[in-house]
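First up is the structure itself, then whatever we jot down about it.
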Number of protein chains: 4
Amino acid sequence: MNVGLLTGGGDCPGLNAVIRAVVRRVAASGGRCTGILEGWRGLVRKMTMPLTVTETDGIIGQGGTIIGSSRTNPYKNPDTDLTSARNHFESLGLDALVVIGGDDTLGVALRLHNDFALPVVGIPKTIDNDLAAADFSFGFDTAVNIVTEAADRLRTTAESHRRVMVLETMGRRCGWIACYAGVAAGADYILVPEVPVDLRRMIDSLARRRQAGKKSALVVVAEGARVEEPAHDGNLSHESLSNPRLAGIGPFIARTIEKQLHVETRTLVLGHVQRGGAPTTADRVLATRLGLAAADLVLRKRFGSILTYSRGVISEAPLTAENIAARSLDLDYYEAATAGFA
Amino acid sequence: MNVGLLTGGGDCPGLNAVIRAVVRRVAASGGRCTGILEGWRGLVRKMTMPLTVTETDGIIGQGGTIIGSSRTNPYKNPDTDLTSARNHFESLGLDALVVIGGDDTLGVALRLHNDFALPVVGIPKTIDNDLAAADFSFGFDTAVNIVTEAADRLRTTAESHRRVMVLETMGRRCGWIACYAGVAAGADYILVPEVPVDLRRMIDSLARRRQAGKKSALVVVAEGARVEEPAHDGNLSHESLSNPRLAGIGPFIARTIEKQLHVETRTLVLGHVQRGGAPTTADRVLATRLGLAAADLVLRKRFGSILTYSRGVISEAPLTAENIAARSLDLDYYEAATAGFA
Amino acid sequence: MNVGLLTGGGDCPGLNAVIRAVVRRVAASGGRCTGILEGWRGLVRKMTMPLTVTETDGIIGQGGTIIGSSRTNPYKNPDTDLTSARNHFESLGLDALVVIGGDDTLGVALRLHNDFALPVVGIPKTIDNDLAAADFSFGFDTAVNIVTEAADRLRTTAESHRRVMVLETMGRRCGWIACYAGVAAGADYILVPEVPVDLRRMIDSLARRRQAGKKSALVVVAEGARVEEPAHDGNLSHESLSNPRLAGIGPFIARTIEKQLHVETRTLVLGHVQRGGAPTTADRVLATRLGLAAADLVLRKRFGSILTYSRGVISEAPLTAENIAARSLDLDYYEAATAGFA
Amino acid sequence: MNVGLLTGGGDCPGLNAVIRAVVRRVAASGGRCTGILEGWRGLVRKMTMPLTVTETDGIIGQGGTIIGSSRTNPYKNPDTDLTSARNHFESLGLDALVVIGGDDTLGVALRLHNDFALPVVGIPKTIDNDLAAADFSFGFDTAVNIVTEAADRLRTTAESHRRVMVLETMGRRCGWIACYAGVAAGADYILVPEVPVDLRRMIDSLARRRQAGKKSALVVVAEGARVEEPAHDGNLSHESLSNPRLAGIGPFIARTIEKQLHVETRTLVLGHVQRGGAPTTADRVLATRLGLAAADLVLRKRFGSILTYSRGVISEAPLTAENIAARSLDLDYYEAATAGFA
């Protein structure tokens, strides 16, 4: 049995652990694995590499993906790319394809399965933790630990200079990273995409803490947090609200705090460092379990399926649009976290 | 409302996050908190410190427990210590007592509640992850990350010298730490207390890998792993099996491997470093959630209860012997992990 | 003897280790220490705290400065602030003042010593490693380790996506951080303030590597690196060079690479995270040695002096403008590093 | 030009950075490199691998040595091994040999150069920092950071339980690691091989601190620290001194403290974890500089030489017994460090 593996979308700590686990389980059953390079692009262009137990043995602790990734979508050029992808699947002699990716990458797998009965098995991947299929996605734990460590470092500077520090995290459409790292870092305020930013409430909360004697503060904001339309408020003037999107939400929040509270404020936009480097133990273990389970689905020819991770249990589910839909931050959790710290 | 807090047994990353969360939630409801120092000893001797929001603000990322811990059990001296503890509870004007500990510490809380209706709320704590009340205990994630990092370091030495390295982890009666860190480190063999050590199987497995070309190996063994009675086997001679307990199981396993495989083998007994230092993000968040939930139980006067954490959900349960009983490693999980790597 | 301590300018890992060492050595000689809060501002406003051996015992591993810092300069308001500072020095009963800071903070100490014979001892502090007094400044080692770790993380993403990553480090006027971290991270190109940026040479070098088969690249650039006037070059058009200062040099370099090489490029501006958090071992040891040496100078009444650190040796020198002047990156070192990797 | 590279003795973070730098500099000059596998064993048995710029590009941050190491000494079997080594040097077509190792490995290089004019260049390597040729050896900085981090973790447990923790570090014949990490961790006592252990003085010092109110303590001891002959002292009885060597000095010191001070004491023997894993920035930079300098010596045919690192400067020196002799901890430094904390 020849099993193809493909990783698509943004890279994520744990991808190599998934690859390693699939390769080992398939090899133990007498099969072999073929890495499709750079996501769907590799199937379109027939770029591959063999994946053996020996060569994948040491990759469990490496960040990124040894087979590369991209956001190529063969359905954008159905006449050329899609045809190539189908032909190469045949000519490579693949019996199955394990696809590790987010909504875009798995969306292609879904269509290929529906349109051409391509024998696919999907594994959800999102560093933002925002896929319906998984309560927790591998990579998320690594990302929040990186954010928390950065926040801990900013905290010491904030305290030394009696400053406010604003830390902008990943999370275009969901606030899991900001909320988790914010709670872990003891943030004084947390802003997420799921709840429109109430500048007045934030400023009042920070002002109360300063009056209570706390000289420094840490604000954690997800990159996708949105500011409401400017209320006609003399202090929160139009100017200060003018262009939060120009330089990003983090710098905007920092400027607003500096103007309103008259306190030195600095921003850090943490960016890509959140998705790189060695995965944490939890991410390695979760990714390994998903890889073993995916190989089992392949060996049992359960194609058109996706693995879900809910309440600590890995299960098989159909690969459907619902299972790769977006998942928001649990607002009960957010309320509990931020209410406890009002 | 005056809420006492007490931490007992071995220290564990996340204890301070629990304390901080309880203090904040109680303060937000108009109450105050009193730290009982050094576990039950502090109640026996009336050693306390006030716990305020300001002074606990910065402790979320600190290891250990700012109120100290011990293994003192007032029931050992019922005439003196037990009477003192009860009297001090009264004279301190406590309305409730939040007890954070393992089976011993919570066992005392249970008896005090049953015998004298002491208004206690329990939070399970075990770095070994071996309490019935919790699928995952705070501190465990930090511990396994420390072990995995150590294992990653040993791996580079093992490879450079074509050696076998044996890493002995904590886990007197359960193999969660060894199994998780072993999987995450890509260990070549994992030994846990729940499964009697089969030396022959281990040696054969390691030998196969060497024959397949892998020159180095990493074995992870929980300190509580037990060796079966020496089979009368010419190679696994009596001498090599003689005293695994004298110097610990790790060095014993290393000596056995060295004798059988004729390959340089080294041991590391990781010890107390596994339970110290800054908690991971996951441990801080879980500990904070438990602290908030415990404060809620106190405010709602749900005494004689314990918090459980099962399948991602924190719940209230009665403080009973069953809920603080020992929990073993999930053998299905162990089998899956080790079968995939046979 | 009552010794004042003051930390000024940007915070820096190791400040607390200096404070702890001064306090211990002074206490061992029967004296006591007074912390002047928030730099010179604390002397102007008489904000102080006692510094005892007990309370400074555990701070060696903490980032920032427990006595706070600021950029206040009493010479800006000589009639009010300067007079207050002098009066408070008297009324506090200080016998000496240990000043830990960069050129600005130490410049004030120098003037106070010259103008009013204030008994000062200076310790050079700069995270950028750019003071004449020190070959290596405490805090620098911590900063470069943080940058290298970030660069290692970016590298895995760069490789997974066949991208160029641009990492902008601290270093307004000198390239020590960029050069050290760049070498350690195996950067493909390093840009520093001391050498005007030659965009053409950079692009050609990166292009050669891509042609040789290396799909990803890492460029490290100091925030103070300057682009030369736009050569009239059809490819490096005016537009692409238009405003490197608007969004910073890092994003500008990234846009230039993307346009010229037609390869996805991302930027990370690492910012304040470089100066926070626990100091490395080397920084703790160096800071401790400086603190002990400064206390010795005080005890021997060697005022108007500064400690220098040259070729591994800590020495006493006069506190002069020369000794607190700026120090550039050693260009021989830069050439060696980058020539070796051309 | 064909340059052989060989790494011998215990592995050490930074070896791969040396290899990478030599390979790049030699390649830039039109030469090529050959890795001799597993130290001198590889020359005896003709085990090699080609070392190219591409394949060594990503190894700068990896611990260990990709070409392996051993303690094989061809002079132990002059008739067979030595002859083989010489013959293989010829048949491999090597023009030079860069030898990276400690006194043993470099001692062989010295003899081969003296006896047979083998064109060798030596680079000193010792994680213990105990070679005459180098004030600081690559690998040492990584090791002390690992020790300090472990000590920081132990400290939180010590404080939570009001315990003494004893940390045994590497350092068979010198105390650099123990002294540096001990200072950085704020250790309460430091024991090194260069100064015979004075148990009475240690116990008295720890007792004074406890009386002054400090409930916990951290003692750092190098594995090579030696206990003096038992003074006939009723308290420090013969039994407690009986066999420090049986289980190592760390456990012996812990038992002694527990008996004398009647306080719970625990030991951690850190072992091999100190020499593994990713090198720090300083070690990568130093190793890279040494590699570039060694390649320069080879290109200039300066054979029979060794690189020294003294007061921040890398220099060429003759490969002599003196330059690879042992170097002790600077006792002035030790006295300063421990006197300041008496």
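The chains referred to below are lettered A, B, ... by the order of the sequence lines, with proteins before strands, and numbering in each begins at 1. Just so it is clear, the structure is predicted and the values come from calculations on it, not from any experiment.
- Comparing His161(C), Arg162(C), Arg153(C) by how many heavy-atom pairs each has under 4.5 Å with chain A, the most go to Arg153(C).
- In this structure, the portion of Arg163(C) lying under 4.5 Å from any heavy atom of chain A is its side chain and not its backbone.
- Using a 4.5 Å cut-off between heavy atoms, Val273(C) touches chain A through backbone and side chain atoms alike.
- Contact tally against chain C (heavy-atom pairs below 4.5 Å) for Gly63(A), Gly271(A), Cys12(A): the top residue is Gly63(A).
- For the side-chain contact (heavy atoms from CB on, under 4.5 Å) with Ser160(C), the qualifying choice from Thr65(A), Ile67(A), Ile66(A) is Thr65(A), the only one to do so.
- Ranked by heavy-atom pairs shorter than 4.5 Å toward chain C, the options Ile146(A), Leu37(A), Leu15(A) are led by Ile146(A).
- With a 4.5 angstrom heavy-atom cutoff, Leu270(C) touches chain A only via backbone atoms.
- For NZ of Lys46(C), the number of neighbouring non-hydrogen atoms (other residues, nucleotides, ligands) closer than 6.0 Å is greater than 12.
- In terms of heavy-atom proximity, Thr157(C) sits nearest to Asp11(A) at OG1-OD2, 2.9 Å.
- For Arg266(C), the part lying under 4.5 angstrom from a heavy atom of chain A is the side chain only.
- Expressed to the nearest 0.5 Å, how far NE2 of His272(A) lies from CG of Leu167(C) amounts to 13.0 Å.
- The part of Ala278(C) that comes within reach of chain A is its backbone (N, CA, C, O), which places non-hydrogen atoms under 4.5 angstrom from that chain.
- Heavy atoms closer than 4.5 Å to chain A are found in the side chain of Glu149(C), but not in its backbone.
- Under a cut-off of 6.0 angstrom, the local environment of NZ in Lys214(A) is crowded, with over 12 non-hydrogen atoms contributed by other residues, nucleotides or ligands.
- If you take CZ on Arg275(C) and CG on Leu154(A), they are separated by 11.5 Å, rounding to the nearest 0.5 Å.
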